[in-house]
K.L.:
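The following block contains the structure, expressed as structure tokens.
The shown structure was predicted, so the numbers you read here are calculated from the model rather than taken from an experiment. For reference, positions follow the sequence shown, starting with 1.
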Amino acid sequence: MKKMNDAAKKQLIEIKGRTWRYDDLLVEFSSDPNSKEKQIHGLGLCEQEPRALLIQPVEVEELRSREGLFEEISTIRDAVDMPFAIVFLAVEDWNQQLSPWQAPAVFGKQDFGAGAKETLGAIETILPAIIERCYNLPENAPVVLGGYSLAALFSLWSAYESQSFAAIAAASPSVWFPGWLDYAKAHEPHAGIIYLSLGDREAKTRNPVMRTVSTCIQEQHDLLQEAGIKTTLAWNPGNHFQQPELRCAKGFSWCLEQLGKDGLFIYGHTSKG
């Protein structure tokens, strides 16, 4: 069973002159009916009459501090003339919950798990409740999934695995992940709009796996173009740890701009042939 509850009373908050409805959310889910339910805490914000829904997995500390997330929201809203709702979902075990399959540690000592399927399932299950009950979004409102680093890779992987997302905002995705490009070559994404970005100094590292990231992102971009996806590859100044909120904001803004062109609000990409 999977469900979503309000964890706190709805509030109004002002962020740089704009008023948002502010909800603390609690997502309860279980991948196995015989297992104990798990919980994901979230933060939802929306304007009046939102026209799109953004979803972003974030680290627990980001959700607690919130200042960077509010800055990200403000940057997106300044860039696009489209009211939206956004839900940040706290990820407690980054390497486990966002990894598409098991892989040995590339940095540090923690190996990568295979929890992405369960995380995606939880997100897909609560989408109707978020769209209808919480934010009263139009039934055909586009959903944009995005994130940073491993959350960006999770978002990319979700584009190949799910038809729930109109667009993907992948900021500095971990496309160096073992086996990723082989997977991407063997599958075709369902999302019709995909944003990629990378810092221009991210490949300047001693780590032999992570230093391939520039080559990998270029190859990923080529694959998307060959598949007929509306895509872009943006280069940001700096290494992997600079301005992640701003980089995410750029990605979400670009996706909303593409969706807004000519009234384009489509859930999925029609595969070729």
K.L.:
For Pro189 and Ala227, work out which heavy atoms get closest and say how close.
P.N.:
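Between these two residues, the closest heavy atoms are CD-CB, 4.4 Å.
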K.L.:
Quick one, Phe154 and Leu145 - any side-chain contact, counting heavy atoms below 4.5 Å?
P.N.:
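Result yes, sub-4.5 Å side-chain heavy-atom pair found.
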K.L.:
Any side-chain heavy-atom pair from Leu45 and Val87 closer than 4.5 angstrom?
P.N.:
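No. Closest side-chain heavy atoms not under 4.5 Å.
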K.L.:
Report yes or no: does Asp200 contribute a side-chain atom to a donor-acceptor pair with the main-chain N or O of Gly238 at less than 3.5 Å?
P.N.:
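Between the backbone of Gly238 and the side chain of Asp200 there is a qualifying donor-acceptor contact (under 3.5 Å).
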K.L.:
Measuring from Asn95:CG to Gln110:CD, what's the distance to the nearest 0.5 Å?
P.N.:
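Those atoms lie 4.0 Å apart.
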K.L.:
For the residue pair Gln242 and Arg201, establish whether any side-chain heavy-atom pair is separated by less than 4.5 Å.
P.N.:
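A side-chain contact under 4.5 Å is absent here.
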K.L.:
Heavy atoms, side chains only, cut-off 4.5 Å: are Ile217 and Trp235 in contact?
P.N.:
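Heavy-atom side-chain distance check passes, below 4.5 Å.
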K.L.:
Does the Gln97 side chain pair with the main chain of Asp93, one donor and one acceptor, at a distance under 3.5 Å?
P.N.:
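At least one qualifying donor-acceptor pair exists.
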K.L.:
Answer yes or no: does atom CD of Gln243 have more than 12 heavy-atom neighbours from other residues, nucleotides or ligands under 6.0 Å?
P.N.:
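Atom CD in Gln243 is not crowded, with 12 or fewer foreign heavy atoms closer than 6.0 Å.
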K.L.:
From Glu62 CD over to Leu69 CG, what is the distance, rounded to the nearest 0.5 angstrom?
P.N.:
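Output value for this atom pair is 6.0 Å.
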K.L.:
Between the side chains of Lys117 and Glu124, is the shortest nitrogen-to-carboxylate-oxygen separation below 4.0 Å, so that they form an ion pair?
P.N.:
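No, no charged N to carboxylate O under 4.0 Å.
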K.L.:
Please report the interatomic distance CG(Leu98) to CG(Leu120), rounded to the nearest 0.5 Å.
P.N.:
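Atom-to-atom, Leu98:CG and Leu120:CG are 11.0 Å apart.
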K.L.:
Could you measure the distance from the CD1 atom of Ile130 to the CD1 atom of Ile55? Nearest 0.5 Å is fine.
P.N.:
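Ile130 atom CD1 to Ile55 atom CD1 measures 5.0 Å (nearest 0.5 Å).
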K.L.:
Quick check for you: to the nearest 0.5 Å, what is the distance between Thr212 atom OG1 and Gln218 atom CD?
P.N.:
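It comes to 12.5 Å.
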K.L.:
State, without any angle test, whether Glu202 and Ser172 hold a side-chain donor-acceptor pair at a distance under 3.5 Å.
P.N.:
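Glu202 vs Ser172: donor-acceptor pair found between side chains.
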K.L.:
Shortest non-hydrogen contact from Ser253 to Ala79?
P.N.:
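Distance-wise, the nearest heavy atoms are OG-CB, 3.6 Å.
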K.L.:
Checking the side chain of Asn239 only, and the main-chain atoms of Phe241 only, is there a donor and an acceptor separated by less than 3.5 Å?
P.N.:
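Such a contact is found between Asn239 side chain and Phe241 backbone.
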K.L.:
Could you tell me which non-hydrogen atom of Leu150 sits nearest to which non-hydrogen atom of Ser174, and how far apart they are?
P.N.:
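Looking at all heavy atoms of both residues, the shortest contact is N-OG, 3.3 Å.
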K.L.:
Using a 3.5 Å distance criterion without hydrogens, assess whether the side chain of Thr231 forms a donor-acceptor pair with backbone atoms of Leu224.
P.N.:
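Answer holds: no.
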K.L.:
side-chain contact (heavy atoms from CB on, under 4.5 Å) for Leu256 and Ile76? Distances and angles first, verdict last.
P.N.:
CA-CA 9 Å; Leu256 290 176; Ile76 298 169; 4.0 Å; yes
K.L.:
Should Leu198 and Asn236 count as side-chain neighbours, where that means a heavy-atom distance under 4.5 Å?
P.N.:
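Heavy-atom side-chain distance check fails, nothing below 4.5 Å.
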K.L.:
Is there a path of hydrophobic side-chain contacts, each under 4.5 Å between heavy atoms of I/L/V/M/F/W/Y residues, joining Met210 to Tyr148?
P.N.:
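Each belongs to a different hydrophobic cluster.
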K.L.:
Side-chain contact test, heavy atoms from C-beta onward, threshold under 4.5 Å: evaluate it for Glu59 versus Leu63 and give yes or no.
P.N.:
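A side-chain contact under 4.5 Å is absent here.
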K.L.:
Is it the case that Glu14 and Trp20 place a side-chain donor and acceptor less than 3.5 Å from each other?
P.N.:
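Side chains of Glu14 and Trp20: no pair found under 3.5 Å.
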K.L.:
Which atom pair, heavy atoms only, marks the closest approach of Ser214 to Ala203?
P.N.:
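Result for this residue pair: OG-CB, 3.3 Å.
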K.L.:
Are Asp78 and Arg18 within salt-bridge range, i.e. N to O under 4.0 Å?
P.N.:
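Yes.
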K.L.:
Under a 3.5 Å cutoff, is there a donor and acceptor pairing between the side chains of His190 and Ser162?
P.N.:
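Their side chains do not contain a donor-acceptor pair, so the 3.5 Å distance test is not met.
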K.L.:
Which is it for Thr232 and Leu196 under the side-chain contact (heavy atoms from CB on, under 4.5 Å) test, yes or no, and what are the steps along the way?
P.N.:
CA-CA 6 Å; Thr232 189; Leu196 301 173; over 6 Å; no
K.L.:
Could you check, using the six-membered ring where one of them is a Trp, whether Phe88 and His41 have ring centers closer than 6.0 angstrom?
P.N.:
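Here the rings of His41 and Phe88 have centres that are no less than 6.0 Å from each other.
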K.L.:
Is Glu47 salt-bridged to Arg77, going by a charged N under 4.0 Å from an acidic O?
P.N.:
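Salt bridge present between Glu47 and Arg77.
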K.L.:
May I ask you to decide if the ring planes of Tyr183 and Trp101 are parallel, tilted or perpendicular, using 30° and 60° as cut-offs?
P.N.:
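Answer is tilted, since the angle falls between 30° and 60°.
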K.L.:
Would you mind reporting whether Phe252 and Val144 have side-chain heavy atoms less than 4.5 Å apart?
P.N.:
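Touching, per the 4.5 Å side-chain cut-off.
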K.L.:
When rounded to the nearest 0.5 angstrom, what distance separates CG in Leu54 from CD1 in Ile73?
P.N.:
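So the CG of Leu54 and the CD1 of Ile73 are separated by 9.0 Å.
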K.L.:
Applying the 4.5 Å side-chain criterion to the ILVMFWY set and letting contacts propagate, would Ile168 and Ile123 be lumped into a single cluster?
P.N.:
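They do share one cluster, since a chain of ILVMFWY contacts under 4.5 Å joins Ile168 to Ile123.
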K.L.:
So do Thr75 and Leu246 actually touch side chain to side chain, heavy atoms under 4.5 Å?
P.N.:
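Contact flag for Leu246/Thr75 side chains = yes.
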K.L.:
Just by modelled atom types, is the Phe70 backbone N or O under 3.5 Å from a matching donor or acceptor in the Ser74 side chain?
P.N.:
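Flag not set: sc Ser74 to bb Phe70 has no pair under 3.5 Å.
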K.L.:
If you compare all heavy atoms of Ala151 against all heavy atoms of Pro57, which two are closest, and at what distance to 0.1 Å?
P.N.:
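Where Ala151 meets Pro57 most closely, the heavy atoms are CB-O, 3.8 Å.
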K.L.:
Tell me, with the steps shown, if Val60 and Val91 meet side-chain contact (heavy atoms from CB on, under 4.5 Å).
P.N.:
CA-CA 6 Å; Val60 172; Val91 177; over 6 Å; no
K.L.:
Got a donor-acceptor contact below 3.5 angstrom from the Gln258 side chain to the Cys255 backbone?
P.N.:
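Answer holds: no.
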K.L.:
Ignoring hydrogens, what is the shortest heavy-atom contact between Val213 and Pro173? Give both atom names and the distance.
P.N.:
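So the minimum-distance heavy-atom pair works out to CG2-O, 4.2 Å.
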K.L.:
With distance as the sole test, does Arg21 use its side chain to make a donor-acceptor pair with the main-chain N or O of Tyr135 at under 3.5 Å?
P.N.:
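Checked: no pair found.
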K.L.:
Give the intermediate values and the outcome of side-chain contact (heavy atoms from CB on, under 4.5 Å) for residues Trp180 and Cys216.
P.N.:
CA-CA 9 Å; Trp180 170 254; Cys216 292; over 6 Å; no
